[in-house]
Amino acid sequence: MRHRYWNRAIEQASRVDLLAVQWERLEVILEYAYIHNPMYRDRWDAAGVRPGAIRSIEQFRHEIPFVTKQDFMLDQETRPPFGRRASMDPERWGQIYLTSGTSGQGQEVHVASDTDLESSARALAYQLWWAGVSPGDRIVVTLPVGLPSGGLSVRRACESYGLVSLMLGQYDSATKIEVMRKFSPQALVCTPSYLTRLHAVGLEEGLDPGRDLVGLKVILLCGEPYDLKWACMAEEYWGARLSEWYGCSQAGEGHMIACELGVHQHQGRQRGVLHNLEHRVLAEVIDPESGEHVAPGEKGEVVITNLHRSLLMVRFRTNDCARYLGETPCECGRPLSGIESGTVTRYDDMIKIRGLNVWPESVDKVLFSRGGVADYRARVFVDDSGRESVTLEVEFASHDEVDEALLLGGIENEIKHAVGIHMHVVSVVPGTIPKAAFKARRWHDERRSLRSDGVVLQGTT
């Protein structure tokens, strides 16, 4: 029996038909935005673009200018708190939500109508159905419910889908384990870093998923990259398959979703595909320098255009880096474009150290693929000799009888091989590192600014 939100025609449509649906909706959006949204109208006028002259998606990609978070923040400063882009009649507003603010550039304000919220709930229906979750199943959601959109949208989607929701974002990890043991859910929603935390706490609490969570079928991941070996280890421990979705506050939903084949294929030798719901979001993956769409297999910045929401979002640069896989890249056969699972990162997460680009997920891969690492914290600083240095504090789930110096030395060697620079690794006692209930922010850059002549100045930037 299909769910009432299911649109099977999208899965079976040809690429020609999907592109026709996208263009039909995009043409309406461009005309509406130019007439009713002063922020977009002014930007397009400044660029000499008239939406009525746009005749194809290809022309749209080359002529309609991008919009960024900085543009939204400036718009909000011009007319606080919502900005000029919130052109929807306030009588239609159903919810106000904010972006997380983790980029350090401020929080965007977004509004959604009740129709928007109901529509967004339909996107998660694909995620749940492909993952094997059925109406009536119990689902534990560890995402916080507040002004950010993540927890709010998932709660609404679970209710609309007909799930029995256990919203546990406000509880500590031990309580979450206790509730899961008591009610034996069929599904769990969390970030990869928090799943690692639940694993460590589960060991402390004597949790045996094979005995205590016999009903658990699937774990739905979002928000962070993860290592493929880690994913296989997590599935083995929890006795459940991993699924994943990608989305952002600006999209208002998860619109790139793993199919029933999961986040990896061929016994963990190949990553899975996150399929874009083409009738809901027009997604591009561009070279951040040239602005041109990348080829299949290449990495680039995700750009989204909503095709169904009242709050317009036209060619928004997400600052998310993803590997584009092209159209119909998956063995499931769906005619949807996609990106690689488990590898979406933020361009602003990259840290330049001693002239090298260091991506935190490269260090994550070394640490979390070993097993036994509960968490870590990284400090980037300039030492007394003026040299850029990195110290990693590693918290182990347990201390077996091993030579700690040999263990830490081995980790240091692996990290240097992976990223190209030496990082000093030290072990800290359990409980030292603050635990994140959502996305982990493990890296702290304390480097002091330098004068143009190279002399170190006091004070942090």
- Query: Does the ring centre of His293 sit less than 6.0 Å away from the ring centre of Tyr324?
  - Reply: yes
- Message: Test your reading of the model: is there a side-chain donor-acceptor pair from Asn276 to the backbone of Val281, 3.5 Å cut-off?
- Response: yes
- Task: Flag the pair Tyr97 / Val109 as yes when at least one side-chain heavy-atom distance between them is below 4.5 Å, and no otherwise.
- Result: no
- Message: Donor-acceptor check, side chain of Glu298 to backbone of Arg323, threshold 3.5 angstrom: yes or no?
- Response: no
- Query: Leu18 and Leu336: side-chain contact (heavy atoms from CB on, under 4.5 Å), yes or no, with the steps?
  - Reply: CA-CA 8 Å; Leu18 286 176; Leu336 308 173; 3.8 Å; yes
- Item | Flag if over 12 foreign heavy atoms under 6.0 Å of CZ, Arg15 | yes
- Between Arg271 and Ser341, is there a donor-acceptor pair closer than 3.5 Å when you use the side chain of the first and the backbone of the second? yes
- Are the charged groups of Arg379 and Asp445 less than 4.0 angstrom apart, N to O? no
- Thr68 and Asp71: side-chain donor and acceptor closer than 3.5 Å? yes
- Task: Return the set of residues passing side-chain hydrogen bond (donor to acceptor under 3.5 Å, both in side chains) with Gln265 (not counting sequence neighbours), or none when no residue passes.
- Result: none
- Item | Considering all heavy atoms, the nearest Ala174-Glu205 contact | CB-OE2, 4.0 Å
- Measure across Leu228 and Val263 and return the closest heavy-atom pair with its distance rounded to 0.1 Å. CD1-O, 4.4 Å
- Query: When you measure from the side chain of Glu244 to the backbone N and O of Cys222, does any donor-acceptor pair fall under 3.5 Å?
  - Reply: no
- Are the side chains of Leu220 and Leu188 in touch, meaning some heavy atoms are under 4.5 Å apart? no
- Task: State, without any angle test, whether Ser193 and Tyr226 hold a side-chain donor-acceptor pair at a distance under 3.5 Å.
- Result: no
- Message: Does the Lys NZ or Arg CZ of Arg85 fall within the cation-pi geometry relative to Tyr40 - under 6.0 Å from the ring centre and within 45° of the axis?
- Response: no
- Task: Please say whether more than 12 non-hydrogen atoms of neighbouring residues, nucleotides or ligands are located less than 6.0 Å from NZ in Lys416.
- Result: no
- Query: Any idea how Phe368 and Tyr376 line up, ring-wise: parallel (<30°), tilted (30 to 60°), or perpendicular (>60°)?
  - Reply: tilted
- Query: Does the side chain of Asn306 come within less than 4.5 Å of Glu253's, by heavy atoms?
  - Reply: no
- Is there a donor-acceptor contact under 3.5 Å linking the side chains of Glu301 and Thr318? no
- Task: Taking the side chain as every heavy atom from C-beta outward, state whether Leu261 and Cys330 have any atom pair closer than 4.5 Å.
- Result: yes
- Are Asp320 and Arg346 close enough for a salt bridge, meaning some N to O gap below 4.0 Å? yes
- Query: Can a donor-acceptor pair be found between the side chains of Glu108 and His110 at a distance below 3.5 Å?
  - Reply: yes
- Look up atom CG in Leu221 and atom OH in Tyr246, then write down how far apart they are to the nearest 0.5 Å. 16.0 Å
- Taking Gln107 for its side chain and Thr99 for its backbone only, find out whether a donor-acceptor pair lies under 3.5 Å. yes
- Item | Step-by-step side-chain hydrogen bond (donor to acceptor under 3.5 Å, both in side chains) determination, Thr142 to Tyr171 | CA-CA 9 Å; Thr142 66; Tyr171 296 104; over 6 Å; no
- Item | Within-4.5 Å side-chain heavy-atom neighbours: Leu213 and Leu207 | yes
- Counting only N and O atoms by type, is there a donor-acceptor contact under 3.5 Å from the side chain of Glu63 to the main-chain atoms of Phe60? no
- Item | Backbone N/O of Arg181 and side chain of Asp212: donor-acceptor pair under 3.5 Å | no
- Message: Does Ile219 form a side-chain contact (heavy atoms from CB on, under 4.5 Å) with Cys190? I'd like the steps, not just the answer.
- Response: CA-CA 8 Å; Ile219 299 172; Cys190 62; 4.2 Å; yes
- Message: Could you walk me through whether Val380 and Ile353 satisfy the side-chain contact (heavy atoms from CB on, under 4.5 Å) test, starting with their C-alpha distance in whole Å, then the side-chain angles of each, then the deciding distance to 0.1 Å, before giving a yes or no?
- Response: CA-CA 8 Å; Val380 186; Ile353 305 172; 4.2 Å; yes
- Check the surroundings of atom NE2 in His417: do more than 12 heavy atoms from other residues, nucleotides or ligands lie under 6.0 Å from it? no
- For the residue pair Lys217 and Gly132, what are the closest heavy atoms and their distance? NZ-O, 3.0 Å
- Please assess Gln22 against Ile57 for the test side-chain contact (heavy atoms from CB on, under 4.5 Å), listing each intermediate value before the final yes or no. CA-CA 8 Å; Gln22 286 187 330; Ile57 292 178; 3.7 Å; yes
- Task: Would you give the length of the straight line joining atom CZ of Arg155 to atom CG of Leu117, rounded to the nearest 0.5 angstrom?
- Result: 10.5 Å
- Query: What are the two closest non-hydrogen atoms of Cys248 and Ile304, and how far apart are they?
  - Reply: SG-CD1, 3.7 Å
- Query: In terms of side-chain heavy atoms, does Ser243 have a donor or acceptor partner in Gln127 at a distance below 3.5 Å?
  - Reply: yes
- Check: Pro225 and Thr343 side chains under 4.5 Å, non-hydrogen atoms: no
- Item | From CD (Gln270) to CD (Glu340), nearest 0.5 Å | 8.5 Å
- Note on the structure: NE2 (His424) and CG (Asp383) are apart, to the nearest 0.5 Å, by 12.0 Å
- Query: Less than 4.5 Å apart, any side-chain heavy atom of Leu392 and any of Arg377?
  - Reply: no
- Please check if any side-chain donor atom of Glu178 sits under 3.5 Å from a side-chain acceptor atom of Thr175, or the reverse. no
- Task: Please name the residue in the list Val314, Leu307, Ile29 that meets the side chain to side chain contact (heavy atoms under 4.5 Å, CB included) test with Leu282.
- Result: Leu307
- Donor-acceptor contact present, side-chain Thr305 to main-chain Arg315, <3.5 Å: yes
- Query: Should Val67 and Arg43 count as side-chain neighbours, where that means a heavy-atom distance under 4.5 Å?
  - Reply: yes
- Note on the structure: In terms of heavy-atom contacts, Leu408 and Ser427 come closest through CD1-N, 3.9 Å
- Message: For a quick test of reading the model, state the closest non-hydrogen atom pair linking Gly254 to Leu277 and the distance between them.
- Response: O-CD1, 4.4 Å
- What residues, two or more places apart in sequence or in another chain, satisfy salt bridge (Lys or Arg N to Asp or Glu O under 4.0 Å) together with Asp227? none
- Rounded to the nearest 0.5 angstrom, the CD1-CD distance for Ile351 and Glu388 is 11.0 Å
Please list, one pair per line, the donor and acceptor atoms closer than 3.5 Å that link side chains of residues 285-292 to other protein atoms, with sequence neighbours excluded.
| unit_1 | atom_1 | unit_2 | atom_2 | d |
| --- | --- | --- | --- | --- |
| Asp287 | OD1 | Glu289 | N | 2.7 |
| Asp287 | OD1 | Ser290 | N | 3.2 |
| Ser290 | OG | Glu292 | N | 3.2 |
| Glu292 | OE1 | His62 | NE2 | 3.3 |

- Message: Does the plane of the ring in Trp130 sit parallel, tilted or perpendicular to the ring in Tyr126? Use 30° and 60° as the thresholds.
- Response: perpendicular
- Do you see a donor-acceptor pair shorter than 3.5 Å between the side chains of Tyr347 and Trp359? no
- Whether Glu393 side chain and Val426 backbone form a donor-acceptor pair below 3.5 Å: no
- Give, for atom SG of Cys332 and atom NE2 of His275, the distance between the pair rounded to the nearest 0.5 Å. 3.5 Å
- Message: Between Lys176 (side chain only) and Leu198 (backbone N and O only), is there a donor and an acceptor less than 3.5 Å apart?
- Response: no
